[in-house]
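Comments concern the structure below.
A, B, ... follow the sequence lines: proteins, then strands. Residue 1 opens every chain. None of the values given here were measured: they were computed from a predicted structure.
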Protein chains: 2
Amino acid sequence: MFAATRPADRSLAELDTVADIRIPGPHLVATYKAGKEIYAEGDNVDKCYQVVVGAVRVCRLLADGRRQVVSFHLAGEMFGFEAGNKHRFFAEAITETRLGVFGRRPMQEHSRELLDLALLGMARAQEHLLVIGRQCAVERMAAFLMDLSGRLGGLRQVKLPMSRQDIADYLGLTIETVSRVMTKLRERSVIALHDARTIEIRKPDALRQLCN
Amino acid sequence: MFAATRPADRSLAELDTVADIRIPGPHLVATYKAGKEIYAEGDNVDKCYQVVVGAVRVCRLLADGRRQVVSFHLAGEMFGFEAGNKHRFFAEAITETRLGVFGRRPMQEHSRELLDLALLGMARAQEHLLVIGRQCAVERMAAFLMDLSGRLGGLRQVKLPMSRQDIADYLGLTIETVSRVMTKLRERSVIALHDARTIEIRKPDALRQLCN
DNA sequence: CGAGATCTTGACGCGTATCAAGTTCTGTGG
DNA sequence: CCACAGAACTTGATACGCGTCAAGATCTCG
């Protein structure tokens with residue numbers, strides 16, 4: 001879709017192949033309504049999940065209500081593995097979501113695959129760190145849109161499963177700033193908004209340049 | 001040293017035990033002078049390192065010179081594993097540093113241990129994300145000092161191996177802001193500065209509260 | 001002892017947060 | 001199918017925290 005992989009290509013596209021890992025064997029499939037908790041902070045880490053349809057957010061709340069969304073997980077992606085025995089974050093379904101659920105035992109027999117997933121999780125968190133630590137609001141949104149469109153298959157048209165609040169808490173901004181940046185990108189025709197959740201990337205190159 | 005582990009304890013102390021993993025077998029030991037590159041962005045990922053003495057920073061530069069320090073690694077800690085074949089970040093010795101070097105083969109025989117390290121790396125990056133995404137300058141410094149003191153053995157007196165610039169680039173701030181926050185914490189007697197790099201934590205509880 | 005690097009401090013400006021309306025979307029019941 | 005209510009989103013005015021620029025102090029090391 002976009003430019004072929006260049007030496008300095010920063011998308012995680014090459015790495016996404018490892019997200020295709022299928023851990024075989026029988027497993028549950030569970031459905032969660034929008035907003036429903038999948039696991040809580042403090043819960044035992046004894047399962048691993050794969051999104052079948054829908055989307056998931058993994059977050060932490062501070063005492064005063066500030067929230068950080070640490071990651072989003074889309075169809076095909078796995079989550080729920082963490083260091084230690086207890087979850088340090090909680091996970092919620094964003095939209096109505098179906099998840100494949102793996103027990104701890106079957107996962108332990110696949111520590112090689114799990115290693116790749118953990119390394120991918122680390123890479124994602126580190127890329128995210130760079131975005132939040134050193135980029136301004138427009139750059140953050142651009143990085144977010146590029147990442148999302150890549151993970152959704154490189155389509156120009158992206159249907160956002162998450163709200164402005166989710167995006168804001170993911171990018172370390174406020175909803176108002178997210179909204180203003182969207183407007184600015186629309187005014188520059190970098191994107192088009194069919195409705196608030198349906199984004200068309202009109203100038204992928206401009207968007208990529210904004211990410212650095 | 002500080003309070004015993006509470007239910008909601010957010011330090012990564014419990015997890016640090018996994019950082020004690022020793023991958024046995026013969027390996028090189030290499031010495032790097034302060035500022036020396038250990039691996040570059042784009043280099044093949046074919047080694048893994050353990051800090052014997054000294055300290056390491058792992059970073060990325062943006063085109064315009066902005067830098068994000070993604071992680072620091074202190075004595076005993078391992079680094080150098082990444083998703084994919086190429087390093088997406090570069091690593092440098094902060095002070096004169098001695099590293100144990102492991103080849104790819106010996107590491108692959110320890111994917112179980114490597115999994116724990118990757119999960120710890122992911123956890124650290126995610127905690128860092130929360131700090132940078134949702135906390136103000138004082139809170140960031142407090143979180144940094146708590147983390148560092150914990151990793152250095154929970155001592156009250158901390159000798160910083162890194163410069164203000166390193167700290168600023170780690171926390172998504174500027175050197176001036178880091179300096180001002182240090183001064184403010186000193187004025188409140190939360191810390192004492194024997195010299196710019198030697199910090200005594202005078203009020204650990206106050207510091208912990210600042211982290212949320 | 002001197003020179004460059006590192007750190008601190010001050011004055012000012014900018015980008016994003018905050019506060020406050022107003023508008024549009026979504027889903028539900030009539 | 002329409003009416004309505006609440007949620008979600010947008011937009012504007014203002015405030016404030018941190019960045020920027022500039023100068024000066026302190027540290028480090030040859």
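With rounding to whole Å, B:Leu193 atom CG is found 11 Å from C:dC7 atom P. The distance between atom CZ of A:Arg164 and atom P of C:dT16, rounded to the nearest whole Å, is 17 Å. B:Met141 has its CE atom 13 Å from the C1' atom of C:dC7, to the nearest Å. Whole-Å rounding puts the B:Gln165 CD to C:dA5 C1' distance at 12 Å. One interatomic measurement links the two molecules: CZ of A:Arg186 to P of C:dT24, which rounds to 12 Å at whole-angstrom precision.
Annotation: cation-pi pair A:Arg60/A:Phe89 present, NZ/CZ under 6.0 Å from the ring centroid and within 45° of its normal.
Within the structure, a side-chain polar atom (N or O) of A:Thr177 is placed less than 4.0 Å from OP1 or OP2 of C:dA17. Remark: A:Ser179 is not in phosphate contact with D:dC9, judged by side-chain N or O atoms under 4.0 Å from OP1 or OP2.
The aromatic rings of A:Tyr49 and A:Phe79 lie parallel to each other, with less than 30° between the two planes, well short of the 60° mark.
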Could you go over nucleotides 10-13 of chain C and give all protein N or O partners under 3.5 Å, atom names and distances?
unit_1 : atom_1 : unit_2   : atom_2 : d
C:dG10 : N7     : B:Arg180 : NH1    : 2.8
C:dG10 : O6     : B:Arg180 : NH2    : 3.4

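For the pair A:Ala196 and A:Arg140, nearest-nucleotide mapping onto DNA chain C gives the more 5' position to A:Arg140.
In this structure, B:Ser163 reaches the sugar-phosphate backbone alone: every heavy-atom distance under 4.0 Å involves primed, P, OP1 or OP2 atoms, never a base. Across all strands shown, B:Arg197 has heavy atoms under 4.0 Å from sugar-phosphate atoms exclusively, and none from any base. Across all strands shown, B:Leu173 has heavy atoms under 4.0 Å from sugar-phosphate atoms exclusively, and none from any base.
Aromatic ring centres of B:Tyr170 and B:Phe144 lie closer together than 6.0 Å.
Among D:dC18, C:dT26, C:dA17, the nucleotide with an atom closest to any side-chain atom of A:Asp195 is C:dT26.
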